[in-house]
Amino acid sequence: MDFADTQKEAAFREEARTWLKNSVPAAKELAGLDPIRQAKLWQKRKYDAGWACITWPKEFGGRGASAIEQVIWNQEESQYELPGGVFSIGQGMAAPTLMTWATEAAKARFIPKLASGEEIWCQLFSEPAGGSDLAALRTRAVKDGDDWVINGQKIWTSGAHYSDFGILVVRTDPTVPKHKGLTYFYLDMKSPGVEIKPIRQISGEAHFNEVYFTDVRIPDSQRLGAIGQGWQVSLTTLMNERASIGAGGSAVGFDSVFKLAQKVNIDDRPAIENGAVRAKLADWYCQEAGLKYTAYRTLSALSRGAIPGPENSIGKLVGAPKTQDMASFAIDLLEQAGAIRDQSLSGELALYQNAYMSIPGLRIAGGTDEIMANIIAERVLGLPQDVRVDKGIPFNEVPTGSSK
Ligand SMILES: Cc1cc2nc3c(=O)[nH]c(=O)nc-3n(C[C@H](O)[C@H](O)[C@H](O)COP(=O)(O)OP(=O)(O)OC[C@H]3O[C@@H](n4cnc5c(N)ncnc54)[C@H](O)[C@@H]3O)c2cc1C
């Protein structure tokens, strides 16, 4: 690929850079606001100036920009420490699904408020019995007049506790094979019968939740796609989920661990002089170079207007374990101080401790390591398919493994 910007791309980069320089909120503007209000403030500012969700059509609050301009914008925006994160499911997954499957009236009602950050959405997909095998989910929807009545449970729902709306996939017909009996809806998270229970994580925080539905009524007008077409609609969401998760970077990388190894000692000598440390660093350097050039392939595809394929799974499959490995190594290098997670007491602002606690989740969310490896095996390398014993069997005839 050609690594230099074209003239048009360079002009776009300059415009983005100038706007960011003049518009990024100062620390005192954000002080005293909770993280959600901080994120909303920054999102609204971008929206008002035409820099929110820039590849979306202008009528939905976007800028009508190209995918490569999005990449340039991301590169420039990532130069600053900015509030965010709470919109990633709504903008990265719900919006593309609404754009593909919703009525014009629903698009006009919901998508601009996703772009402006006024409304936050969550993703109600995973269940205790349906994670990697999402199509095995059991939450039921039964038609009653113009409504559907929902009963069941979702789990690991990130941000359900502060979301206004959710995208939901449920079983409407258990008598057909699992992928054929699903239907997709969106719902107001304040609907009667929705109960949200936080799940405490290893880090002490509670970003995700269990969500219970007891006779929750959803109007049929909030269905996306046909009855029984929920799997196809879900694929629109999942394709966009992998793309948005795969794009995430981490502050823990070769550069940060290299600098740390220069600062700390092993046996009274700088760690960087230790052969075992150098060997580790060399491995990570090679992995990062491989990931960088793989990502450039994606950029090349985007700049030609092509859609990147399943090979994108490599970024998450290699990148997340590498970051976990580096964080663990850095904690060891810090010796006793590595055990301290209090930012005010730990030398590196708890960068490695926080990464070490959060990366295991990244290795699961949006497709576990094993599922990513299956995708690469089947869809990139063309190896034989994983065994699927329930293929073609009506869902209510699939053995559950329980004798009850
Ligand atoms: C931080 C985080 C945020 C999340 N946010 C959301 C959210 O907002 N909304 C939502 O709906 N879900 C969310 N999830 C749930 C996530 O999508 C699921 O955890 C994930 O799909 C895995 O499903 P599971 O947990 O049921 O594990 P399982 O599917 O039960 O997997 C258990 C183990 O078996 C392995 N395995 C399963 N199938 C295969 C196979 N065919 N071949 C080889 N190995 C296999 C898995 O790799 C894993 O190691 C989140 C998860 C995390 C960690």
Side-chain angles (χ1 to χ4, degrees), residues 89-90 92-103 106 110 121-158 160 163 165-189 191 193-194 210-242 365-368 371 374-375 385-386 388-401:
I89 291 177
M93 301 176 217
T97 311
L98 290 167
M99 282 185 209
T100 311
W101 296 94
T103 60
F110 291 107
W121 287 54
C122 64
Q123 180 197 21
L124 297 150
F125 278 26
S126 302
E127 297 188 6
S132 302
D133 187 10
L134 177 63
L137 61 84
R138 294 179 171 273
T139 294
R140 282 283 275 130
V142 176
K143 189 91 192 289
D144 182 26
D146 285 340
D147 289 346
W148 292 84
V149 180
I150 317 290
N151 281 287
Q153 185 206 342
K154 297 288 172 178
I155 192 166
W156 316 123
T157 316
S158 305
S163 288
F165 293 92
I167 41 175
L168 172 71
V169 56
V170 290
R171 187 161 306 280
T172 43
D173 186 356
T175 67
V176 292
K178 62 182 180 181
H179 291 93
K180 297 194 170 145
L182 304 175
T183 304
Y184 196 120
F185 297 91
Y186 58 89
L187 95 155
D188 185 336
M189 291 300 285
S191 306
V194 175
E210 293 178 295
V211 180
Y212 292 87
F213 302 96
T214 310
D215 294 331
V216 174
R217 299 189 81 85
I218 302 184
D220 188 51
S221 57
Q222 290 179 202
R223 172 165 48 81
L224 297 178
I227 299 168
Q229 208 184 9
W231 183 248
Q232 285 92 312
V233 185
S234 303
L235 288 180
T236 309
T237 312
L238 295 175
M239 270 167 40
N240 283 286
E241 174 171 24
R242 303 239 157 101
T368 64
I371 295 302
N374 275 354
I375 290 172
Q385 284 213 333
D386 197 12
R388 289 177 179 116
V389 287
D390 54 1
K391 198 169 177 180
I393 301 177
F395 185 70
N396 57 5
E397 289 174 25
V398 175
T400 59

Tell me every residue that passes salt bridge (charged side-chain N to carboxylate O under 4.0 Å, His left out) with Asp215, counting only those two or more places apart in sequence or in another chain.
none
Tell me which one of Glu127, Gln153, Arg171 satisfies side chain to side chain donor-acceptor pair (under 3.5 Å) with Thr139.
Glu127
Backbone N or O of Val149 within a donor-acceptor pair of the Lys143 side chain at under 3.5 Å?
no
The reported gap from CD in Gln222 to CZ in Phe110 (rounded to nearest 0.5 angstrom) is 6.0 Å
With sequence neighbours excluded, tell me which residues meet side-chain hydrogen bond (donor to acceptor under 3.5 Å, both in side chains) with Thr172.
Thr183
Which residues satisfy the side-chain hydrogen bond (donor to acceptor under 3.5 Å, both in side chains) test with Trp121, sequence neighbours excluded?
none
Salt bridge (charged side-chain N to carboxylate O under 4.0 Å, His left out) against Glu210, all qualifying residues, sequence neighbours excluded:
none
Can you tell me how far CE of Met93 sits from OG of Ser234, rounded to the nearest 0.5 angstrom?
12.5 Å
Which heavy-atom pair separates Pro96 from Thr236 by the least distance, and what is that distance?
O-CG2, 4.0 Å
Under a 3.5 Å threshold, yes or no: a donor from one side chain and an acceptor from the other, between Thr97 and Thr237?
yes
Reported CD1-to-CG distance for the pair Ile155 and Leu124, which is rounded to 0.5 angstrom:
12.5 Å
Pairs satisfying ring pair (Phe, Tyr, Trp, His ring centres under 6.0 Å), at least one member in residues 124-149, at least two apart
Phe125-Tyr184, Trp148-Phe185
When every non-hydrogen atom of Trp156 is compared with those of Ser126, the smallest separation belongs to CD1-CB, 4.0 Å
Give the minimum heavy-atom separation between Ile150 and Ala141, together with the two atoms involved.
CD1-CB, 3.5 Å
The criterion is side chain to side chain contact (heavy atoms under 4.5 Å, CB included); which residues satisfy it with Thr103, sequence neighbours excluded?
Ala105, Ala106
Grab the two heavy atoms, one from Ala129 and one from Ala136, that are nearest each other, plus how far apart they are.
O-CB, 3.6 Å
Flag side-chain contact, heavy atom, 4.5 Å: Asn151 against Val142:
no
For Lys154 and Leu137, what are the C-alpha separation, side-chain angles and deciding distance, and is it a side-chain contact (heavy atoms from CB on, under 4.5 Å)?
CA-CA 9 Å; Lys154 297 288 172 178; Leu137 61 84; 3.9 Å; yes
Looking at residues at least two apart in the chain, or sitting in another chain, which of them share a salt bridge (charged side-chain N to carboxylate O under 4.0 Å, His left out) with Arg217?
Asp144, Asp147
Heavy atoms of other groups near Arg138 CZ, more than 12 under 6.0 Å
no
Check side-chain hydrogen bond (donor to acceptor under 3.5 Å, both in side chains) between Ser158 and all other residues, then give those that pass, not counting sequence neighbours.
none
Name all residues meeting the side-chain hydrogen bond (donor to acceptor under 3.5 Å, both in side chains) criterion together with Ser163; count only those two or more places apart in sequence or in a different chain, and write none if there are none.
none
Could you walk me through whether Phe213 and Leu168 satisfy the side-chain contact (heavy atoms from CB on, under 4.5 Å) test, starting with their C-alpha distance in whole Å, then the side-chain angles of each, then the deciding distance to 0.1 Å, before giving a yes or no?
CA-CA 11 Å; Phe213 302 96; Leu168 172 71; 3.8 Å; yes
Can you list, pair by pair, the side-chain donor-acceptor contacts under 3.5 Å of residues 390-398, counting residues two or more places apart and other chains?
unit_1: Asp390; atom_1: OD1; unit_2: Lys178; atom_2: NZ; d: 3.4
unit_1: Asp390; atom_1: OD2; unit_2: Lys178; atom_2: NZ; d: 2.8

Excluding sequence neighbours, so at least two apart, what forms salt bridge (charged side-chain N to carboxylate O under 4.0 Å, His left out) with Asp188?
none
Please find the pair of heavy atoms, one from Thr157 and one from Cys122, that lie closest to each other, and give the distance.
CG2-SG, 3.9 Å
Given the rule in the side-chain contact (heavy atoms from CB on, under 4.5 Å) test, do Tyr212 and Val194 qualify, once you have shown the distances and angles that lead to the verdict?
CA-CA 6 Å; Tyr212 292 87; Val194 175; over 6 Å; no
To the nearest 0.5 angstrom, please state how far the CG atom of Asp220 sits from the CD1 atom of Ile227.
6.0 Å
Name all residues meeting the ring pair (Phe, Tyr, Trp, His ring centres under 6.0 Å) criterion together with Trp231; count only those two or more places apart in sequence or in a different chain, and write none if there are none.
His179
